[in-house]
Structure formats: structure tokens, C-alpha cells
Amino acid sequence: MRHRTGHLLLPGIAALLLVTACGGGGGSSPVTPPPPAANIAPIANAGANQVVTSGTVVTLNGTASVDNDGTIAAYAWTQTFGPPVTLTNASTAQPSFTAPQVSTSTSLTFSLVVTDNRGATSSAATAGVAVNPPPLATVTTTGVIRFARVPFRDGPFRLDYANTVLQPARGVLVRAIDATTQMVLATDTTTSTGSYSMVVPGNTTLTIQVVARMQRASTSGPQWDVRVQDGLATTAMPYSYTTAAFSSAVAPVQQIDIPTGIGPNGTAIGVRASGPFAILDTLYTAISAVVAVAPTLNFPALIVDWGSQTVGTQFSTSGSQNIKLRSDLTEDTEEFDQHVVAHEFGHYIEHNFSRSDSLGGKHSLGDRLDMRVAFGEGFGYVFAAIVLNDPVVLDSFVSNGAQVAGRFIVENNPPASGQSANQLGCWCSEASVWAILWDVYDSNADANDNIALGFAPIWEVLTNGQRTTPAVTSIFSFLTALKAARPAEAAAIDLLANAQNIDTPAIDAFASNETHAPFSNVLPIFTSITPGVPVVVRTSDDAGHYNKLGNRRLLRFVPTTPGNVTVSLSSSNPAANVDPDFEVLRNGATVALGTDPPAAVQTATFNATVGSTYIIDVYDCANGCSDVEGTPGDYDLTVTIS
């Protein structure tokens, strides 16, 4: 019997497998499992900051919190800053609360800590909530703004400071201002009755500021921007008047009366608040009259300097346009002299929409003026009379401590004869100019006045024939253009002109047929000149200095060939410092100057266009310069062109 060698298995007892370690004595041990991984703390995310309004239900958002090795098991929200609120479901990812009632913007801060499924907690995360007060209910503040105007009285004529008249402040800028923060809350422009209306926050303390500025911007109608201030700087603030503070909830209606600040005797007793608005109101009247005949006109920006020591209108090369008005109560103040204000605005109108070749300068009633000056000043006064619908011009001032006023009537025509030379009608008289233009305008038939055209035909001539005349602007250029535009009224126009010693009907812009003059040495008014032929004309001081009749003489030159033309001028003035000067004009624009440096013989060259008319304005500075240079007198000027 064959036997198999093996292990003996005892029944009922499990076999033991023996493992013998290689290379050594035998022994055995069990396998040890690895330890569990460490728990990583979760990361809390309290969500984005929020801006809400009082009373709003706000939901915080912690759903972006994470646990990278497990899950978020718990959320814990707490408020850390701001007025306390009640958090609903503060142990959830998205608790909520109602934003508290606040009067100013208020900050709340909330903290979030999260716990994971193994008990680890996060660092705190925060979220901010800015709570703004609810918008206030709005109210409309309304009212009428009036300014106190000082009228004139008779016996003698003067400003009557004791009996001011309240008039609506028309077309001026109005602002509603928060009295606490000085923030502008609303703006408006007053109507033709002085009323305003602005929507402002309710239950707010306000002031109303009335600004001395008229501004109108439009894409289809007239535009303007006029402000009254102290000085001419474009950065200066206009004058303004501000009311006392009031509650918009308690007193939304504010009737505003701006006082003069001047006592009954004409001395200042406070801020002279109404003056700027009186000036603006006169200009509002003038603008309205112009817009009536030119409804789409755009008026260049205008600064009125009420605080100047002089009166005048100036236009700078930079484009700024200014009117200067005096404000000295002890000498002369202009805010209530409506004809003076409107007269200066007439210069602005003439400059911008017609053409003015006037030399400017001082002038008085009865002066025999350079005809360019006579027309400019005469037009200024008749323009004032037309827009104010009042031919009586009053100009207040102080004389020997007393309030007085100068007075004249533009409807009164200077006589043609029987008076002294400085009282007679003349193309060199501003009074003759305004008398003719007023009679052309008005409907009141008086001596030699058989015409009543209104303002529109005058405007048409100003903006057409007068603006483009090849001569210089004068009563001759105006009447020539008016007769061409209104041939049916030619005889009536001639009648008016003849009554002022102006020769018609053969009138032209160059006064070619004029025979009347106070001084014989001023005719012809334009002297023709041709190349190579010297022309002698006389400058005189018979009527005064600088802008008076005879100071300057005009020569007319029409080139027949193109090319450079040289003008040469000398004077018979024997003074060592003799200074003859000249200016060459074409359609009112300067094309050459012979003024600097001072010399006994002045020359200048310009390029001439065939057929164009050039006016050569010649003078000796002893008579014709704004500052007297040498001894005024009668001197012969010799002019040559080549």
C-alpha cells in the first residue's frame, strides 16, 4: 500500500497555516490600518455688500460658503455694527431682516461663521449693508419775483427814490438751494410776469436765489445770455439776491420783492439789490422788440459791468462783448436810466447785426461830430426810444449834491435855419440822425413827417444795405439804402432829410451831392484819389477834438488794376513831433494802417482788388487821435497813392 506524506488534519479543528520568515527564525504579527485624515475647516462667504432703502426686506447670502472635505452643517449670523435689527432664520444660509428707518445714510455690518459636518468652524466673514433714507415727498415751490424800480419825477426831473415801483423780474434765472448744504436743488427761468415754479424735496429748508442773468438756449428760436456783474471777468459771478431760509413743507409759496437798498434821499441804506435786475429788465424789453422783427436771432453773450466809472460799449478781439454802466450814487448811476441802458445795447445791436464804423469817444448834445459817430450815437438813442416806446430821454446824475436829470426828446427836429451853427440840423449831428429815424418809425405825423414805417423796415436796412455799404456808415448810407428798399416812400424820406440840411433826392452813400456843412473846409465829404496824383485835404479842430467834424478826412479809391498799392501821408503841421496817421478800409474792415511808429511821413502797402472801393481815413494826431499829440489846429494833409 502506497502512503502520501502530508499534514494531519484533525477533525473539528481549523488548520493553522504557518508562515516561515525567510532568512531567520520564525514569528508572526498582524497588519496595522492607516490613521484617519485631519479635518479641514470650512470657509465662510457672507455675500456681496448691498445698498438698500429704509423699510426694505434685506436677504443676506451665505450660500457661497464651502467645505473642501465635507459639508456645511451649520450657519451662524450675527450683527456687528449699526442700529440693531432682528435677523429671521439667523442659522440658515440666507437670513433676512427689515432695513431700519434712518434719516441719513447708515451702515450695518453682519458676520457669518459656518461649521462643517465634523464640527470644525470657519473664520468670520462680513457683509455690509448701507441703508439710505426713503426719498422725501416732493413739493412745488412757486411765486412771483419783483424788483423795485425808481421812477422819474418832474420839477425838476430827477429819480424819485421815495416812490419806488415794483415790476416783474422777467426772464431771470432762479435757483432753489438747500439751506444746509448749499446744494442747488432746482432751477427755473421767470416768465414775462415774473413767476417761477420748481419741484423741490418736501420738508426741506430752502432759500430762493434770484440771479442777475437772462439766458435762453433754443434750437429753433432766439438765444441770448446776458448777465450783470461787477467787472468784466468771464469768471465773475453775476449779482444775485437770496431770500431768508424757509421750509418747503410749511411755506412753498414765496413772493419775492427785491429792494433798491436806497433811502428816500438817494443814499444807500443796504445792499443795492434791485439795480442789476432793473438793468436786465430794460434789456429784456429791448431784446423782445428786436425778436419781434427777427424771431430766430441769436444774440452773442453779453456781460454788463455795473460798477464801472464810465459808460460805454466795447468789443474785444477775443470776442467778448461788454456794456459798462456807472453805479456811483454820489455822482452818476445808470441802473434806472432806461434810455441810457437801451442806448448802449443799441451799439451792441449795431455792431453785431448791422455795421458800425463809429470812432466812439465822448459826445454831447450840439456837438458837430464825425458823421460816423453822429450816426452811431443818433441810432443808439432812437433805438432806445423805439424799444421803450418812449421818445423822452432822461439821464439822471448828481450835480452839486442834488439829484437832477438831463432831458431831450428824439421827436423834436433840430431847425434847418435861424439858430447858431451847433443848434442846426446836420448830417454831422446825432440829434438830426435820431430825429429822422424816429420820424421814419413813428406814426405821429408832425412837421415834415409824412411817413410811418415802424421798426421792421429800419431793421431791414440795418442788416442789409447799411451793413454792406462800400462807404462808411452814416446817415447818407442809411437813407440811400432806405430809399432803395422803399421807393414808394422816397419823397417822404427826402422831406425828412431836407429838413435836417441834408441834400436829397440825389443822395448817395458817398454824399456826392452834399452842399451843407457848418464849416467850408469839410467838403467834399469823400475826396476821390487816383494813383500818382497827390491830394490835399484839411484837418481841423473847429468842432473839437478826436471824433468831431473835420478832425479826419475821407478819400475814396477804386483800383482799375490789381496789385500792391502804397499810401503815403504827410502833414503841414510844423511841430517836430508831427504824427500824421491813416487807415485804409474796405467795407468797414481795416486792410492797412499807417500809424506806427510815429513819423513825419507815414506809408503802408496793401494788395488791391480791381473794382473794390477803398476808403482812406487820414488825420493828424494833433486833431484826430484819442490822446492829443501836439497842438490842435488846421493843417493840410497830403496824400499820394502809387
Colleague: Is there a side-chain contact between Asp579 and Gln602 (heavy atoms, below 4.5 Å)?
Modeller: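 Yes, their side chains come closer than 4.5 Å.
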
Colleague: Quick one: do Asp503 and Thr515 satisfy side chain to side chain donor-acceptor pair (under 3.5 Å)? Show the steps, please.
Modeller: CA-CA 7 Å; Asp503 285 329; Thr515 62; 2.6 Å; yes

Colleague: What distance separates Glu344 CD from Asp337 CG, expressed to the nearest 0.5 Å?
Modeller: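 Between atom CD of Glu344 and atom CG of Asp337 there are 11.5 Å.
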
Colleague: Report the C-alpha separation of Val393 and Trp434 in whole Å, then their side-chain angles, then the decisive distance to 0.1 Å, and conclude whether the side-chain contact (heavy atoms from CB on, under 4.5 Å) test is met.
Modeller: CA-CA 12 Å; Val393 177; Trp434 72 52; over 6 Å; no

Colleague: So which heavy atom on Glu335 is nearest to which on Trp306, and how close?
Modeller: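 Closest heavy-atom pair between Glu335 and Trp306: OE1-NE1, 3.3 Å.
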
Colleague: With side chains defined as the heavy atoms from C-beta onward, is the minimum distance between Leu297 and Trp459 less than 4.5 Å?
Modeller: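 Heavy-atom side-chain distance check passes, below 4.5 Å.
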
Colleague: Is the side chain of Thr539 donor-acceptor paired with the backbone N or O of Asn551 at a distance under 3.5 Å, no angle test?
Modeller: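 Side chain of Thr539 to backbone of Asn551, a donor-acceptor pair under 3.5 Å: yes, one is there.
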
Colleague: Looking at His347 versus His343, is the centre-to-centre ring distance below 6.0 Å?
Modeller: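 Yes; His343 has its ring centre under 6.0 Å from that of His347.
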
Colleague: Hey, what do you get for CD1 (Ile641) to OG1 (Thr566), rounding to the nearest 0.5 Å?
Modeller: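 Reported value, rounded in 0.5 Å steps: 10.0 Å.
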
Colleague: To the nearest 0.5 Å, what is the distance between CD on Glu411 and CG on Asp446?
Modeller: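 One finds 5.0 Å between CD of Glu411 and CG of Asp446.
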
Colleague: How far does CG of Leu283 sit from CD1 of Ile279, to the nearest 0.5 angstrom?
Modeller: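 One finds 8.0 Å between CG of Leu283 and CD1 of Ile279.
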
Colleague: Flag the pair Pro470 / Phe510 as yes when at least one side-chain heavy-atom distance between them is below 4.5 Å, and no otherwise.
Modeller: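 Yes; the side chains approach each other to less than 4.5 Å.
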
Colleague: Under 3.5 Å, is there a donor-acceptor pair between the side chain of His545 and the main chain of Cys625?
Modeller: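 Yes, His545 side chain to Cys625 backbone: donor-acceptor pair under 3.5 Å.
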
Colleague: Parallel, tilted or perpendicular: which fits the ring planes of Tyr614 and Phe606, with parallel below 30° and perpendicular above 60°?
Modeller: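 Taking Phe606 first and then Tyr614, their aromatic rings sit tilted (interplane angle of 30° to 60°).
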
Colleague: Test side-chain contact (heavy atoms from CB on, under 4.5 Å) on Glu430 and His363; report intermediate values, then the result.
Modeller: CA-CA 9 Å; Glu430 59 182 324; His363 58 98; 3.2 Å; yes

Colleague: Considering all heavy atoms of both residues, which atom of Gln466 and which atom of Ser477 are nearest to each other, and what is their separation?
Modeller: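 It is OE1-OG, 2.7 Å.
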
Colleague: One pair to check against side-chain contact (heavy atoms from CB on, under 4.5 Å): Asp449 and Asn444. What are the steps and the verdict?
Modeller: CA-CA 8 Å; Asp449 181 7; Asn444 181 33; 5.6 Å; no

Colleague: If every non-hydrogen atom of Leu329 is compared with every non-hydrogen atom of Thr267, which pair is closest and at what distance?
Modeller: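 Leu329 and Thr267 have their closest heavy atoms at CD1-C, 4.2 Å.
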
Colleague: Would the distance check show the side chain of Ser432 and the main-chain N or O of Cys426 forming a donor-acceptor pair, the cut-off being under 3.5 Å?
Modeller: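 Between the backbone of Cys426 and the side chain of Ser432 there is a qualifying donor-acceptor contact (under 3.5 Å).
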
Colleague: Could you tell me whether the side chain of Leu585 reaches within less than 4.5 Å of the side chain of Asp357, counting heavy atoms only?
Modeller: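 No. Closest side-chain heavy atoms not under 4.5 Å.
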
Colleague: First locate atom OG of Ser540, then atom CG of Leu549, and finally report the distance between them rounded to the nearest 0.5 Å.
Modeller: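 Answer rounded to 0.5 Å: 7.0 Å.
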
Colleague: Judged by atom type as modelled, is there a donor-acceptor pair below 3.5 Å linking the side chain of Asn547 to the main-chain atoms of Lys362?
Modeller: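 Confirmed, Asn547 side chain pairs with Lys362 backbone.
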
Colleague: Using side-chain heavy atoms (C-beta onward) and a distance below 4.5 Å, is Asp305 in contact with Asn322?
Modeller: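 When only atoms from C-beta onward are counted, Asn322 and Asp305 do not touch, as no gap falls below 4.5 Å.
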
Colleague: Quick check: does any side chain N or O of Asp541 sit under 3.5 Å from a backbone N or O of Asn623, one acting as donor and the other as acceptor?
Modeller: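 No; zero donor-acceptor contacts below 3.5 Å.
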
Colleague: A side-chain contact here means heavy atoms from C-beta on lying under 4.5 Å apart; do Arg467 and Leu462 qualify?
Modeller: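 No, every pair of side-chain atoms sits at 4.5 Å or beyond.
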
Colleague: Do the side chain of Arg272 and the main chain of Ser327 share a donor and acceptor less than 3.5 angstrom apart?
Modeller: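 Here the side-chain-to-backbone pair exists.
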
Colleague: Between the side chains of Arg372 and Asp370, is the shortest nitrogen-to-carboxylate-oxygen separation below 4.0 Å, so that they form an ion pair?
Modeller: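 Arg372 and Asp370: salt-bridged.
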
Colleague: Counting N and O atoms only, with roles assigned by atom type, does the side chain of Thr282 sit under 3.5 Å from a partner on the main chain of Ala278, one being a donor and the other an acceptor?
Modeller: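 Yes.
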
Colleague: Which pair of heavy atoms, one from Thr613 and one from Arg556, lies closest together, and at what distance?
Modeller: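 For Thr613 and Arg556, the tightest heavy-atom pair comes out as CG2-CG, 4.1 Å.
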
Colleague: How far apart are the closest heavy atoms of Phe336 and Phe152, and which atoms are they?
Modeller: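 Heavy atoms only, the tightest pair is O-CE1, 3.7 Å.
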
Colleague: Show the numbers, then the answer: is there a ring pair (Phe, Tyr, Trp, His ring centres under 6.0 Å) between Tyr619 and Tyr546?
Modeller: CA-CA 9 Å; Tyr619 50 98; Tyr546 175 53; 8.5 Å; no

Colleague: Could you tell me whether the side chain of Val290 reaches within less than 4.5 Å of the side chain of Phe353, counting heavy atoms only?
Modeller: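 No, too far: nothing below the 4.5 Å cut-off.
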
Colleague: Please give me the minimum heavy-atom distance between Thr561 and Val610, naming the atom from each residue.
Modeller: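 For Thr561 and Val610, the tightest heavy-atom pair comes out as C-CG2, 3.4 Å.
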
Colleague: When you measure from the side chain of Trp427 to the backbone of His516, do you find a donor-acceptor pair of N or O atoms at a distance under 3.5 Å?
Modeller: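 Looks like yes, one N/O pair under 3.5 Å.
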
Colleague: Validate the cation-pi geometry between Arg368 and Phe519: distance from NZ or CZ to the six-membered ring centre under 6.0 Å, angle to the ring axis within 45°.
Modeller: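 No, Arg368 does not lie over the aromatic ring of Phe519.
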
Colleague: Hey, would you say the Tyr441 and Phe383 ring centroids sit under 6.0 Å apart?
Modeller: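 Here the rings of Phe383 and Tyr441 have centres that are no less than 6.0 Å from each other.
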
Colleague: Give the intermediate values and the outcome of side chain to side chain donor-acceptor pair (under 3.5 Å) for residues Thr480 and Asp508.
Modeller: CA-CA 5 Å; Thr480 299; Asp508 65 18; 5.7 Å; no

Colleague: Should we count CG of Asn564 as having more than 12 external heavy atoms under 6.0 Å?
Modeller: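 Result for CG/Asn564: enclosed.
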
Colleague: Is there a side-chain contact (heavy atoms from CB on, under 4.5 Å) between Asn448 and Asp439? Walk through the geometry before answering.
Modeller: CA-CA 9 Å; Asn448 304 307; Asp439 281 341; over 6 Å; no

Colleague: So how far is it from Arg149 CZ to Asp160 CG, rounded to the nearest 0.5 Å?
Modeller: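 Taking CZ in Arg149 and CG in Asp160, the distance rounds to 14.0 Å.
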
Colleague: When you measure from the side chain of Thr609 to the backbone N and O of Ser612, does any donor-acceptor pair fall under 3.5 Å?
Modeller: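 Here the side-chain-to-backbone pair does not exist.
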
Colleague: In this structure, is the centre-to-centre distance between the rings of Phe408 and Tyr381 below 6.0 Å?
Modeller: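 Tyr381 vs Phe408: aromatic centres under 6.0 Å.
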
Colleague: Quick one: are Val440 and Glu489 in side-chain contact, heavy atoms under 4.5 Å?
Modeller: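 Result no, sub-4.5 Å side-chain heavy-atom pair not found.
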
Colleague: Kindly say whether Ser354 contributes a backbone atom to a donor-acceptor pair with the side chain of Asn352 at under 3.5 angstrom?
Modeller: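 No.
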
